[in-house]
Amino acid sequence: MEQTDTTAGMATLRAALADRVEDWKPRVQAMAHEIHTNRELSFEEVRSAEAAAALLADGGFEVERGTGGLPTAFTASAGSGELTVALCVEYDALPDIGHACGHNLIAGASVAAALALRPHVDELGITLKAIGTPAEEHGGGKVLLLERGAFDGVGLALMVHPVQDGVTYNPAGTSAQAVGRYKATFTGKAAHAAAAPHLAVNAADAAVLSQVAVGLLRQQIPGDHRIALYVAEAGHVTNIIPERAVVEFECRAFTLAEYEALLERVRRCFEGAALATGTTLTIESTEPVYEPLLQDTALAAHWTEAMDVFGKDTSPSAGITGGSTDMGNISQVIPSLHPWLSIPGADVAIHSHGFAALADSPEAYGVMFEAATALAWTIAAAAGTPTERARFVKAAYRRRTFTQEGTS
């Protein structure tokens with residue numbers, strides 16, 4: 001491996017990486033726009049995953065489709081160095097409002113960074129993987145891929161996430177909340193709503209009481225905790241007392257301990273509603289739990305230095321005040337970076353129709369390519385700094401395996 005830790009050598013490499021991002025701009029932006037147009041939901045991102053995978057294949061990567069048994073996952077690999085780097089590529093949309101979380105920009109930034117780094121993998125002594133990670137919004141694609149070996153051997157993992165204007169580009173110390181999602185089902189007894197309502201056990205009443213209880217609980221929880229729910233089912237016609245009601249809910253907090261304590265309090269709201277109405281209650285998890293996000297300080301420093309070159313606000317900040325990502329699960333076991341990408345002029349909240357429109361704007365694509373360049377520079381700096389490189393090599397992820405004798 002050539003030495004890349006001198007100032008002159010790094011400056012030359014950074015210029016080459018920036019030029020490579022520039023070269024790939026038309027095709028990467030076309031891919032990002034296509035993903036934005038596709039609006040494919042979790043685990044259904046067939047065209048979006050293929051658009052990213054095909055572009056990486058054209059850029060010289062060996063592409064494995066269907067990674068981890070997930071049809072819309074892929075792994076694009078290049079190089080054989082001892083340090084394995086993963087760039088996460090997201091592309092799922094939200095129901096009804098499309099790419100209101102800007103995953104087309106996440107895909108574009110990671111793919112452009114990977115394409116820029118491809119000619120330099122031997123020089124940097126890295127194995128580079130661009131991993132297509134479906135179902136971030138709902139389903140925990142990264143959690144499943146982590147469990148199924150897609151991140152085995154990875155020493156550092158990176159991606160970016162777009163947000164509204166005004167959020168600092170300095171990721172140090174920022175985080176994202178743990179979140180768990182559940183389905184509460186109340187079961188009662190049906191009866192004619194006019195002829196024999198006294199013989200019924202009304203499951204819809206239990207759903208209403210649970211909402212009231214959770215609403216009152218919100219007054220007594222810390223300001224950075226979150227509870228959200230909606231009634232998915234509570235009857236179908238007016239002349240039958242509903243015998244089944246379903247409420248889907250989620251809990252969020254910035255530590256797992258706080259999340260688990262909040263979940264228990266919310267669970268009691270549902271149990272109280274069941275007790276009051278005489279219904280029975282079952283609560284089941286609907287998705288993997290997303291864990292809190294940890295930002296690696298060394299990677300954050302390299303990223304911040306890169307963003308200073310682009311004249312961005314890199315002042316220290318607590319970051320966004322809410323939100324969750326399955327990148328949190330990756331960050332708990334692999335040194336990771338997940339900085340926030342502030343779209344100029346975006347004065348609306350993410351997960352809104354307005355933000356979905358802005359995610360396909362020239363301003364958004366402009367910062368997407370700046371982020372791609374910064375990701376490439378960050379990886380080059382980490383790989384070329386001997387002390388950091390040694391730490392990341394040592395941190396390479398190894399799953400625990402279970403045998404008849406125990407854990408290994």
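- With sequence neighbours left out, the salt bridge (charged side-chain N to carboxylate O under 4.0 Å, His left out) criterion links Glu22 to Lys25.
- Listed by chain and number, the residues in a salt bridge (charged side-chain N to carboxylate O under 4.0 Å, His left out) with Glu233 are Arg244 (sequence neighbours excluded).
- For Ile240, the side-chain contact (heavy atoms from CB on, under 4.5 Å) partners two or more places apart in sequence, or in a different chain, are Ala190, Val237.
- Atoms CG and CG, from Leu56 and Asp58 in turn, are 9.0 Å apart once rounded to the nearest 0.5 Å.
- Here the straight-line distance linking atom CZ of Phe74 with atom OG1 of Thr133 works out to 8.0 Å at 0.5 Å rounding.
- Arg47 pairs by the salt bridge (charged side-chain N to carboxylate O under 4.0 Å, His left out) definition with Glu40, not counting sequence neighbours.
- Taking OG1 from Thr185 and CG from Leu281, the interatomic distance works out to 8.0 Å, rounded to the nearest 0.5 Å.
- A side chain to side chain contact (heavy atoms under 4.5 Å, CB included) with Ser48 is found for exactly one of Asn104, Thr72, Thr37, Asn38, namely Asn38.
- Electrostatic pairing of Arg267 and Glu271 does not count as a salt bridge here, judged by no charged N lying under 4.0 Å from a carboxylate O.
- Listed by first then second residue, pairs satisfying ring-ring contact (aromatic ring centres under 6.0 Å, His included) with a partner in residues 119-147 number zero, not counting sequence neighbours.
- The neighbour count for Glu62 CD, taken as heavy atoms of other residues, nucleotides or ligands under 6.0 Å away, does not exceed 12.
- Legend: residues meeting ring pair (Phe, Tyr, Trp, His ring centres under 6.0 Å) with Phe249, ordered by chain and number and at least two apart, are Tyr182, Phe270.
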Identify all side-chain donor-acceptor contacts of residues 94-103 below 3.5 Å with residues at least two apart in sequence or on another chain.
from, atom 1, to, atom 2, distance (Å)
His99, NE2, Ile35, O, 3.0
His103, ND1, Asp92, O, 2.9
His103, ND1, Asp92, OD1, 2.8
His103, NE2, Glu90, OE1, 3.3
His103, NE2, Glu136, OE1, 3.4
His103, NE2, Glu137, OE2, 3.2

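- His338 pairs by the ring pair (Phe, Tyr, Trp, His ring centres under 6.0 Å) definition with His161, Trp340, not counting sequence neighbours.
- Every residue was checked against the ring pair (Phe, Tyr, Trp, His ring centres under 6.0 Å) condition with Trp303, not counting sequence neighbours, and none meets it.
- Listed by chain and residue number, Thr279 satisfy the side chain to side chain donor-acceptor pair (under 3.5 Å) test with Thr277 (two or more places apart in sequence, or in another chain).
- Scanning for salt bridge (charged side-chain N to carboxylate O under 4.0 Å, His left out) contacts around Glu34 gives an empty result, with sequence neighbours left out.
- Every residue two or more places apart in sequence or in another chain that forms a side-chain contact (heavy atoms from CB on, under 4.5 Å) with Thr286 is listed here: Arg181, Lys183.
- Listed for the Arg226 side chain is a donor-acceptor partner under 3.5 Å among the backbone atoms of Gly223.
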